[in-house]
There are 2 protein chains.
Amino acid sequence: MAQKKIHCDCLDTIKPVRDTLDVINGKWKVPIIISVGVGNDRFTDIQESIPGISPKVLAKELKDLEQHKLLRRIIIDEYPVKISYQLEEYADTLTPLIYALKDWGINHRKKVTEK
Amino acid sequence: MAQKKIHCDCLDTIKPVRDTLDVINGKWKVPIIISVGVGNDRFTDIQESIPGISPKVLAKELKDLEQHKLLRRIIIDEYPVKISYQLEEYADTLTPLIYALKDWGINHRKKVTEK
DNA sequence: TATAGTACTTTCCTAAAGGAAAGTGAAGTA
DNA sequence: TACTTCACTTTCCTTTAGGAAAGTACTATA
(Lines give C-alpha, C1' and ligand atoms only; values in the text may rest on other atoms or scores of the structure.)
Protein backbone atom coordinates (compact mmCIF):
# COMPACT_ATOMS: atom_id res chain seq x y z
CA MET A 1 0.00 0.00 0.00
CA ALA A 2 1.44 3.32 -1.03
CA GLN A 3 2.22 5.59 1.88
CA LYS A 4 0.81 8.97 1.26
CA LYS A 5 2.57 11.94 2.66
CA ILE A 6 0.29 13.90 4.88
CA HIS A 7 0.94 17.45 5.69
CA CYS A 8 -1.84 19.44 7.12
CA ASP A 9 -3.57 21.71 4.71
CA CYS A 10 -3.82 25.28 5.75
CA LEU A 11 -4.20 27.05 2.44
CA ASP A 12 -7.74 28.08 3.34
CA THR A 13 -6.23 30.35 5.91
CA ILE A 14 -2.94 31.22 4.30
CA LYS A 15 -4.40 32.45 1.02
CA PRO A 16 -6.70 35.14 2.40
CA VAL A 17 -4.04 36.19 4.89
CA ARG A 18 -1.69 36.71 1.98
CA ASP A 19 -4.30 38.76 0.15
CA THR A 20 -4.56 41.02 3.16
CA LEU A 21 -0.81 41.33 3.58
CA ASP A 22 -0.49 42.30 -0.07
CA VAL A 23 -2.65 45.34 0.62
CA ILE A 24 -1.47 46.57 4.02
CA ASN A 25 2.09 45.43 3.66
CA GLY A 26 5.02 47.41 4.99
CA LYS A 27 5.82 49.77 7.75
CA TRP A 28 3.66 52.69 6.78
CA LYS A 29 0.23 51.85 5.36
CA VAL A 30 -1.59 51.04 8.59
CA PRO A 31 -0.12 54.06 10.39
CA ILE A 32 -1.28 56.28 7.53
CA ILE A 33 -4.78 54.85 7.65
CA ILE A 34 -4.87 55.44 11.40
CA SER A 35 -3.66 59.00 11.02
CA VAL A 36 -6.15 59.92 8.31
CA GLY A 37 -8.83 58.08 10.26
CA VAL A 38 -8.48 60.30 13.31
CA GLY A 39 -8.75 63.42 11.24
CA ASN A 40 -5.40 64.34 9.75
CA ASP A 41 -6.37 65.18 6.19
CA ARG A 42 -3.50 67.31 4.94
CA PHE A 43 -0.21 66.03 3.60
CA THR A 44 1.94 67.87 6.09
CA ASP A 45 -0.28 67.01 9.05
CA ILE A 46 -0.16 63.35 8.17
CA GLN A 47 3.58 63.58 7.80
CA GLU A 48 4.02 65.23 11.19
CA SER A 49 1.74 62.75 12.90
CA ILE A 50 3.83 59.76 11.86
CA PRO A 51 7.35 59.95 13.27
CA GLY A 52 10.05 59.13 10.78
CA ILE A 53 8.09 59.15 7.56
CA SER A 54 9.61 61.09 4.67
CA PRO A 55 7.57 62.98 2.08
CA LYS A 56 8.73 60.62 -0.64
CA VAL A 57 7.49 57.58 1.17
CA LEU A 58 4.27 59.26 2.25
CA ALA A 59 3.45 60.31 -1.31
CA LYS A 60 4.06 56.80 -2.59
CA GLU A 61 2.00 55.11 0.10
CA LEU A 62 -0.89 57.54 -0.35
CA LYS A 63 -0.97 56.63 -4.04
CA ASP A 64 -1.00 52.92 -3.22
CA LEU A 65 -3.84 53.38 -0.74
CA GLU A 66 -5.81 55.38 -3.30
CA GLN A 67 -5.40 52.58 -5.84
CA HIS A 68 -6.66 50.07 -3.31
CA LYS A 69 -9.75 52.27 -2.77
CA LEU A 70 -8.92 52.81 0.87
CA LEU A 71 -8.71 56.58 0.63
CA ARG A 72 -9.37 59.40 -1.78
CA ARG A 73 -7.55 62.58 -2.65
CA ILE A 74 -9.65 65.70 -2.84
CA ILE A 75 -8.41 68.92 -4.40
CA ILE A 76 -9.65 72.08 -2.69
CA ASP A 77 -9.32 74.95 -5.11
CA GLU A 78 -8.58 77.91 -2.89
CA TYR A 79 -5.48 79.87 -2.30
CA PRO A 80 -3.20 78.24 -1.57
CA VAL A 81 -4.34 75.04 -3.22
CA LYS A 82 -5.06 72.40 -0.65
CA ILE A 83 -5.36 68.66 -0.88
CA SER A 84 -7.52 66.75 1.54
CA TYR A 85 -7.15 63.05 2.12
CA GLN A 86 -10.18 61.17 3.39
CA LEU A 87 -10.72 57.54 4.15
CA GLU A 88 -13.14 55.70 1.93
CA GLU A 89 -15.94 53.89 3.68
CA TYR A 90 -14.26 50.68 2.69
CA ALA A 91 -11.38 51.52 5.03
CA ASP A 92 -13.80 51.06 7.95
CA THR A 93 -13.69 47.34 7.30
CA LEU A 94 -10.09 47.45 8.49
CA THR A 95 -11.09 48.59 11.98
CA PRO A 96 -11.14 45.13 13.60
CA LEU A 97 -7.77 44.37 12.09
CA ILE A 98 -6.29 47.62 13.35
CA TYR A 99 -7.58 46.94 16.84
CA ALA A 100 -6.10 43.46 16.72
CA LEU A 101 -2.73 44.90 15.68
CA LYS A 102 -2.93 47.53 18.42
CA ASP A 103 -3.98 45.16 21.18
CA TRP A 104 -1.32 42.64 20.37
CA GLY A 105 1.32 45.36 20.30
CA ILE A 106 0.28 46.66 23.71
CA ASN A 107 0.32 43.18 25.17
CA HIS A 108 3.62 42.32 23.54
CA ARG A 109 5.34 45.39 24.92
CA LYS A 110 4.06 44.50 28.36
CA LYS A 111 5.46 41.01 28.00
CA VAL A 112 8.82 42.15 26.72
CA THR A 113 9.38 44.85 29.34
CA GLU A 114 8.15 43.00 32.41
CA LYS A 115 11.07 40.62 32.40
CA MET B 1 -2.76 85.20 19.86
CA ALA B 2 -0.50 82.61 18.45
CA GLN B 3 -2.23 80.07 16.27
CA LYS B 4 -1.25 76.63 17.26
CA LYS B 5 -1.07 73.98 14.66
CA ILE B 6 -3.34 71.14 15.50
CA HIS B 7 -2.89 67.78 14.04
CA CYS B 8 -4.71 64.96 15.61
CA ASP B 9 -2.62 62.77 17.78
CA CYS B 10 -2.75 59.12 16.99
CA LEU B 11 0.52 57.88 18.43
CA ASP B 12 -1.33 55.86 21.06
CA THR B 13 -2.50 53.65 18.25
CA ILE B 14 0.41 53.91 15.85
CA LYS B 15 3.09 52.91 18.32
CA PRO B 16 1.68 49.52 19.36
CA VAL B 17 0.72 48.79 15.76
CA ARG B 18 4.32 49.36 14.81
CA ASP B 19 5.51 47.07 17.58
CA THR B 20 3.29 44.34 16.16
CA LEU B 21 4.38 44.92 12.61
CA ASP B 22 8.01 44.68 13.68
CA VAL B 23 7.35 41.13 14.83
CA ILE B 24 5.06 39.69 12.16
CA ASN B 25 6.41 41.74 9.31
CA GLY B 26 6.86 40.38 5.82
CA LYS B 27 5.28 37.88 3.54
CA TRP B 28 6.07 34.70 5.41
CA LYS B 29 5.87 34.86 9.22
CA VAL B 30 2.09 34.64 9.61
CA PRO B 31 1.78 31.84 7.03
CA ILE B 32 4.46 29.89 8.89
CA ILE B 33 2.69 30.35 12.22
CA ILE B 34 -0.54 29.16 10.62
CA SER B 35 1.13 26.12 9.11
CA VAL B 36 2.85 25.07 12.30
CA GLY B 37 -0.34 25.82 14.19
CA VAL B 38 -2.39 23.30 12.21
CA GLY B 39 0.15 20.59 12.81
CA ASN B 40 2.96 20.80 10.30
CA ASP B 41 5.98 20.35 12.50
CA ARG B 42 8.71 19.22 10.12
CA PHE B 43 10.83 21.50 7.96
CA THR B 44 9.85 19.92 4.68
CA ASP B 45 6.17 19.69 5.57
CA ILE B 46 6.07 23.35 6.44
CA GLN B 47 7.86 24.13 3.22
CA GLU B 48 5.41 22.13 1.14
CA SER B 49 2.40 23.64 2.86
CA ILE B 50 3.37 27.18 1.93
CA PRO B 51 3.49 27.68 -1.83
CA GLY B 52 6.51 29.55 -3.05
CA ILE B 53 8.67 29.55 0.04
CA SER B 54 12.30 28.54 -0.42
CA PRO B 55 14.33 26.64 2.18
CA LYS B 56 16.59 29.61 2.66
CA VAL B 57 13.75 31.93 3.52
CA LEU B 58 11.99 29.33 5.66
CA ALA B 59 15.13 28.69 7.72
CA LYS B 60 15.62 32.39 8.29
CA GLU B 61 12.03 33.05 9.29
CA LEU B 62 11.97 30.08 11.64
CA LYS B 63 15.00 31.52 13.41
CA ASP B 64 13.32 34.91 13.71
CA LEU B 65 10.17 33.35 15.13
CA GLU B 66 12.21 31.37 17.63
CA GLN B 67 13.93 34.54 18.78
CA HIS B 68 10.56 36.21 19.25
CA LYS B 69 9.49 33.25 21.44
CA LEU B 70 6.68 32.33 19.09
CA LEU B 71 7.93 28.85 18.35
CA ARG B 72 10.53 26.37 19.48
CA ARG B 73 12.80 23.95 17.71
CA ILE B 74 12.95 20.45 19.13
CA ILE B 75 15.61 17.94 18.13
CA ILE B 76 14.39 14.35 17.99
CA ASP B 77 17.34 12.05 18.22
CA GLU B 78 16.33 9.09 16.09
CA TYR B 79 17.37 7.92 12.70
CA PRO B 80 17.23 9.99 10.66
CA VAL B 81 17.56 12.94 12.98
CA LYS B 82 14.35 14.91 12.99
CA ILE B 83 13.55 18.42 13.99
CA SER B 84 10.10 19.30 15.22
CA TYR B 85 8.80 22.84 15.27
CA GLN B 86 6.07 23.65 17.75
CA LEU B 87 4.27 26.86 18.52
CA GLU B 88 4.90 28.35 21.93
CA GLU B 89 1.82 29.10 23.99
CA TYR B 90 2.52 32.75 23.43
CA ALA B 91 1.73 32.29 19.76
CA ASP B 92 -1.90 31.65 20.75
CA THR B 93 -2.21 35.33 21.54
CA LEU B 94 -1.91 35.93 17.80
CA THR B 95 -5.10 34.02 17.05
CA PRO B 96 -7.45 37.04 16.99
CA LEU B 97 -5.04 38.86 14.73
CA ILE B 98 -4.79 35.93 12.35
CA TYR B 99 -8.57 35.69 12.14
CA ALA B 100 -8.78 39.40 11.45
CA LEU B 101 -6.23 39.04 8.64
CA LYS B 102 -8.08 36.04 7.23
CA ASP B 103 -11.54 37.58 7.41
CA TRP B 104 -10.47 40.79 5.80
CA GLY B 105 -8.74 38.88 3.01
CA ILE B 106 -11.83 36.81 2.30
CA ASN B 107 -14.01 39.88 2.22
CA HIS B 108 -11.54 41.81 0.10
CA ARG B 109 -11.34 39.09 -2.51
CA LYS B 110 -15.11 39.06 -2.67
CA LYS B 111 -15.16 42.79 -3.21
CA VAL B 112 -12.46 42.77 -5.85
CA THR B 113 -13.90 39.91 -7.90
CA GLU B 114 -17.58 40.85 -7.80
CA LYS B 115 -17.06 43.90 -9.99
C1' DT C 1 9.82 91.69 -8.27
C1' DA C 2 10.27 88.97 -4.25
C1' DT C 3 8.27 86.04 -0.92
C1' DA C 4 5.35 82.64 1.29
C1' DG C 5 2.62 78.50 1.60
C1' DT C 6 1.35 73.77 0.21
C1' DA C 7 2.30 69.54 -1.72
C1' DC C 8 4.87 67.19 -3.41
C1' DT C 9 9.18 65.27 -6.83
C1' DT C 10 13.85 64.18 -7.84
C1' DT C 11 18.25 62.25 -7.15
C1' DC C 12 21.24 59.36 -5.03
C1' DC C 13 22.28 55.89 -2.14
C1' DT C 14 22.04 51.77 1.30
C1' DA C 15 19.87 47.91 3.30
C1' DA C 16 16.78 44.26 3.51
C1' DA C 17 13.91 40.90 1.27
C1' DG C 18 13.47 37.47 -1.76
C1' DG C 19 14.47 33.82 -5.43
C1' DA C 20 17.06 29.92 -8.01
C1' DA C 21 20.08 26.41 -7.90
C1' DA C 22 23.34 23.71 -6.06
C1' DG C 23 25.79 21.91 -2.19
C1' DT C 24 26.63 20.03 2.61
C1' DG C 25 26.81 16.92 6.71
C1' DA C 26 25.57 13.26 9.55
C1' DA C 27 24.17 8.65 10.05
C1' DG C 28 21.95 4.50 9.00
C1' DT C 29 21.07 0.99 5.19
C1' DA C 30 21.96 -2.21 1.10
C1' DT D 1 31.32 1.57 -0.84
C1' DA D 2 27.47 3.96 -2.54
C1' DC D 3 22.94 5.61 -1.51
C1' DT D 4 19.21 7.78 1.01
C1' DT D 5 16.91 10.98 4.10
C1' DC D 6 16.38 15.26 6.44
C1' DA D 7 17.38 19.78 7.35
C1' DC D 8 19.27 22.95 6.13
C1' DT D 9 23.44 26.33 4.02
C1' DT D 10 25.81 28.72 0.45
C1' DT D 11 26.33 31.56 -3.46
C1' DC D 12 24.85 34.72 -6.55
C1' DC D 13 21.78 37.79 -8.14
C1' DT D 14 17.52 40.97 -8.61
C1' DT D 15 13.95 43.60 -6.57
C1' DT D 16 11.82 46.39 -3.26
C1' DA D 17 11.82 49.41 0.67
C1' DG D 18 13.46 53.09 2.75
C1' DG D 19 16.18 57.42 3.98
C1' DA D 20 18.47 62.24 3.33
C1' DA D 21 18.63 66.33 1.12
C1' DA D 22 17.47 69.41 -2.12
C1' DG D 23 14.51 71.10 -5.63
C1' DT D 24 10.06 72.31 -8.07
C1' DA D 25 5.36 74.11 -9.38
C1' DC D 26 1.61 76.89 -8.60
C1' DT D 27 -0.58 81.04 -7.06
C1' DA D 28 -1.53 84.99 -4.29
C1' DT D 29 0.02 88.75 -1.88
C1' DA D 30 3.30 92.71 -0.44
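Model, not experiment: these values are computed from the prediction.
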| message | Rounded to whole Å, how long is the line connecting atom CD1 of A:I46 with atom P of C:dT6? | response | 14 Å
| query | Can you tell me how far P of C:dA7 sits from CD of A:E66, to the nearest Å? | reply | 14 Å
| request: Work out how much the helix from C:dT1-D:dA30 to C:dA30-D:dT1 bends between its end axes, five pairs an end, to the nearest 10 degrees. | output: 30°
| remark: Hits for side-chain hydrogen bond (donor to acceptor under 3.5 Å, both in side chains) against B:S84, two or more places apart or cross-chain, chain-then-number order -> B:D41, B:Q86
| remark: Sequence neighbours excluded, the answer for side-chain hydrogen bond (donor to acceptor under 3.5 Å, both in side chains) partners of B:T20 is none
| field | Within residues 19-34 of chain A: residues closer than 4.0 Å to DNA chain C (heavy atoms) | value | none
| Side-chain N or O of A:T44 closer than 4.0 Å to phosphate OP1/OP2 of C:dT6 | no
| message | So B:I33 and B:L94, do their side chains get closer than 4.5 Å, heavy atoms only? | response | yes
| Who are the side-chain hydrogen bond (donor to acceptor under 3.5 Å, both in side chains) partners of A:H108, not counting sequence neighbours? | B:Y90
| Nearest-Å distance, CD1 (A:I53) to C1' (D:dG19)? | 12 Å
| query | Can you check the A:K82 NZ to C:dA7 P distance for me, whole Å? | reply | 8 Å
| task | Would you mind reporting whether B:S49 and B:V38 have side-chain heavy atoms less than 4.5 Å apart? | result | no
| Per-nucleotide protein contact string for nucleotides 8-16 of chain D (B base, S sugar-phosphate only, - none; heavy atom under 4.0 Å) | BBBBB----
| query | Which whole-number value in Å describes the distance from B:I75 CD1 to D:dC6 P? | reply | 17 Å
| Heavy atoms from other residues, nucleotides or ligands near NZ of A:K111 exceed 12 (cutoff 6.0 Å) | yes
| field | Residue pairs passing the salt bridge (charged side-chain N to carboxylate O under 4.0 Å, His left out) test where at least one lies in residues 51-62 of chain A, sequence neighbours excluded | value | A:K29-A:E61, A:K60-A:D64
| query | Does anything in residues 78-90 of chain A pair up under salt bridge (charged side-chain N to carboxylate O under 4.0 Å, His left out), and if so which pairs, sequence neighbours excluded? | reply | A:R72-A:E88, A:E78-A:K82
| field | Side chain proximity check, B:I34 to B:I50, heavy atoms < 4.5 angstrom | value | no
| said: Both B:S54 and A:S84 contact DNA chain C. Taking the nearest nucleotide for each, which residue is further toward the 5' end? | reply: A:S84
| task | Starting at atom CD1 of A:I76, determine the distance to atom C1' of C:dG5, rounded to an integer number of angstrom. | result | 15 Å
| message | Can you measure A:E61 atom CD to C:dA7 atom P for me and round it to whole angstrom units? | response | 19 Å
| request: With sequence neighbours excluded, give me every salt bridge (charged side-chain N to carboxylate O under 4.0 Å, His left out) pair touching residues 10-28 of chain B. | output: A:R109-B:D19
| said: A side-chain contact here means heavy atoms from C-beta on lying under 4.5 Å apart; do A:F43 and A:L62 qualify? | reply: yes
Pairs under 3.5 angstrom only: tabulate donor-acceptor contacts from the side chains of residues 97-107 of chain A to other protein residues two or more places apart or in another chain.
residue	atom	partner	partner atom	Å
A:W104	NE1	B:T93	OG1	2.9

Can you check nucleotides 24-30 of chain D for protein contacts, nitrogen or oxygen pairs under 3.5 Å, and list what you find?
none

| With sequence neighbours excluded, what pairs up with A:Q67 under the side chain to side chain contact (heavy atoms under 4.5 Å, CB included) test? | none
| task | Please determine if a side-chain N or O atom of B:R42 lies less than 4.0 Å away from the OP1 or OP2 oxygen of D:dC6. | result | no
| task | Carefully, step by step, assess B:I32 and B:L58 under the rule side chain to side chain contact (heavy atoms under 4.5 Å, CB included). | result | CA-CA 8 Å; B:I32 291 168; B:L58 178 56; 3.7 Å; yes
